[in-house]
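For reference, the structure is listed below as structure tokens.
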2 protein chains.
Amino acid sequence: MGASKTHIFSTTHNELAKIAKVMAHPARIAILEYISKQDNCICNDLVDVIGLSQPTISQHLNEIKKIGLLKGTFEGKNLCYCINQERWDELQESFHLFFSNINRNCC
Amino acid sequence: MGASKTHIFSTTHNELAKIAKVMAHPARIAILEYISKQDNCICNDLVDVIGLSQPTISQHLNEIKKIGLLKGTFEGKNLCYCINQERWDELQESFHLFFSNINRNCC
DNA sequence: ATTTGATATTGCAATATTACGATGATATAT
DNA sequence: ATATATCATCGTAATATTGCAATATCAAAT
């Protein structure tokens, strides 16, 4: 085994799990927080800020990119990206919905 | 490697990542949603509801328990647990804080 | 055209996760 | 006491994740 049985779960559950998975690493939390606090698009400096090797940062960025949290240009040297705020708000809403939907009558 | 370099990150980042990790599996999302919607504490039926084997469900429940999301008795047959609502609210607040803290002046 | 500066990709080793069968433990019913 | 029902633990196989060195790529400057 080792692979999740995604097919037995609903799309909603799989989607939220996928988002959570991206957030399930302190480096990616740190990267997201750093980018989200910038005034402008980011150029490099993440390797210095986070403290992991360049290939590792690159991989983490890719995971973040996969769920649509980054926007900008990713071409060669003119790369310049920042948080996709629309997507950011969507994720926030997903978590909000999940946590809001609780039966307060229990216990 | 294979292990996260948790020591180079802040407690806050590690904590949020740990919580996200628990939510990073559709089975655990489904389990949490199911329990959180119940009127009463849960007794069994999770194996039927989710569709994974009993040992697997047991493992997932343990992960959820580790971050304090369940309360109740876990002794033999008198087991009876439900969502720890205080903790639930804490986690909700953690995600809310993370997503709220974004610089809207960028792009 | 070559160098430079920066990110991406590949390949690999170490570790973690997911899943389940077999087994163990524990409480209740018979 | 024995059987039954239910959850926990162990052991193991399959797969995924993390991290980095080496290397490739790519755009701009020289």
Side-chain angles (χ1 to χ4, degrees), chain A residues 1-9 13-14 17-32 34-35 40-67 70-82, chain B residues 1-9 13-14 17-32 34-35 40-67 70-82:
Chain A
M1 305 295 140
S4 299
K5 289 182 143 185
T6 53
H7 62 281
I8 70 172
F9 303 108
H13 291 167
N14 279 318
K18 203 170 81 177
I19 294 166
K21 202 175 221 170
V22 172
M23 297 179 66
H25 195 292
R28 292 192 289 265
I29 293 286
I31 291 171
L32 281 170
Y34 180 77
I35 303 181
N40 297 297
C41 285
I42 246 189
C43 290
N44 46 359
D45 60 10
L46 268 179
V47 173
D48 298 328
V49 172
I50 305 296
L52 291 169
S53 75
Q54 180 269 319
T56 305
I57 295 288
S58 186
Q59 274 182 62
H60 283 309
L61 270 175
N62 208 255
E63 296 301 313
I64 295 171
K65 224 182 292 178
K66 272 186 197 162
I67 57 165
L70 299 181
K71 70 170 178 185
T73 55
F74 300 91
E75 315 291 315
K77 189 146 189 190
N78 289 28
L79 135 159
C80 168
Y81 55 90
C82 55
Chain B
M1 302 296 136
S4 300
K5 287 183 143 185
T6 53
H7 62 282
I8 71 172
F9 303 107
H13 291 167
N14 280 317
K18 203 171 81 178
I19 293 165
K21 201 174 222 170
V22 171
M23 297 180 66
H25 195 294
R28 291 193 290 265
I29 293 286
I31 291 171
L32 281 170
Y34 180 76
I35 302 181
N40 297 297
C41 284
I42 246 189
C43 290
N44 45 359
D45 58 11
L46 268 179
V47 173
D48 298 327
V49 172
I50 306 295
L52 291 170
S53 75
Q54 180 270 319
T56 304
I57 294 289
S58 188
Q59 273 182 63
H60 283 309
L61 270 175
N62 210 257
E63 296 300 313
I64 294 172
K65 223 184 290 178
K66 273 186 196 163
I67 57 164
L70 298 181
K71 70 171 178 184
T73 54
F74 299 90
E75 315 290 315
K77 188 144 189 189
N78 290 26
L79 135 160
C80 170
Y81 55 90
C82 53

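Quick note on labels: first sequence line is chain A, next is B, and so on, each numbered from 1. Remember, it's a predicted structure, so these values are computed and weren't measured experimentally.
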*With respect to the side chain of B/H25, which nucleotide from D/dA16, D/dG19, C/dT18 is positioned closest?*
C/dT18

*Between D/dT18, D/dA16, C/dA16, spot the one nearest the side chain of B/A3, thanks.*
C/dA16

*Grab the OH-C1' distance between A/Y81 and C/dA8 for me, whole Å please.*
12 Å

*Parallel, tilted or perpendicular: which describes the rings of B/H25 and A/F9, with under 30° parallel and over 60° perpendicular?*
perpendicular

*Kindly compute the distance separating OG1 (B/T56) from CG (B/L46), expressed to the nearest 0.5 Å.*
12.5 Å

*D/dA5 P sits how many Å from B/D45 CG, rounded?*
16 Å

_Measure CG/B/N62 against C1'/D/dT9 and give the value in whole Å, please._
10 Å

*Rounding to a whole Å, what distance do you find between B/E63:CD and D/dT9:C1'?*
14 Å

*Over all atoms of both residues, closest heavy-atom pair of B/I8 and A/G51*: CD1-O, 3.6 Å

*What's the CZ-P distance between A/R28 and D/dG19, to the nearest Å?*
8 Å

*List the atom of A/L52, the atom of A/I57, and the distance in Å for their closest heavy-atom pair.*
O-CG1, 3.8 Å

_Rounding to an integer number of Å, can you tell me how far A/H7 NE2 sits from C/dA19 C1'?_
12 Å

_Tell me which one of A/I50, A/I31, A/L32 satisfies side chain to side chain contact (heavy atoms under 4.5 Å, CB included) with A/H60._
A/I31

*asked:* D/dT17, OP1 or OP2 - any side-chain N/O from A/H60 closer than 4.0 Å?
replied: no

*Could you check B/K21 against A/L46 and say which one's nearest nucleotide on DNA chain C is further toward the 5' end?*
A/L46

*Answer yes or no: are there more than 12 heavy-atom neighbours, outside B/K65 itself, under 6.0 Å from its atom NZ?*
yes

*Between C/dC20, D/dT9, D/dT18, which nucleotide gets closest to the side-chain atoms of A/Q59?*
D/dT18

*Going through the checks in order, is the side chain to side chain contact (heavy atoms under 4.5 Å, CB included) test met by A/I35 and A/I64?*
CA-CA 11 Å; A/I35 303 181; A/I64 295 171; 5.9 Å; no

*Kindly state which residues belonging to residues 51-58 of chain A come within less than 4.0 angstrom of DNA chain D, counting heavy atoms of the residue only, listed by number.*
A/L52, A/S53, A/P55, A/T56

*Could you state the CD1-C1' distance from A/I50 to D/dC20, rounded to the nearest angstrom?*
17 Å

*Could you tell me the separation between the CE atom of B/M23 and the P atom of C/dT17, rounded to a whole number of Å?*
17 Å

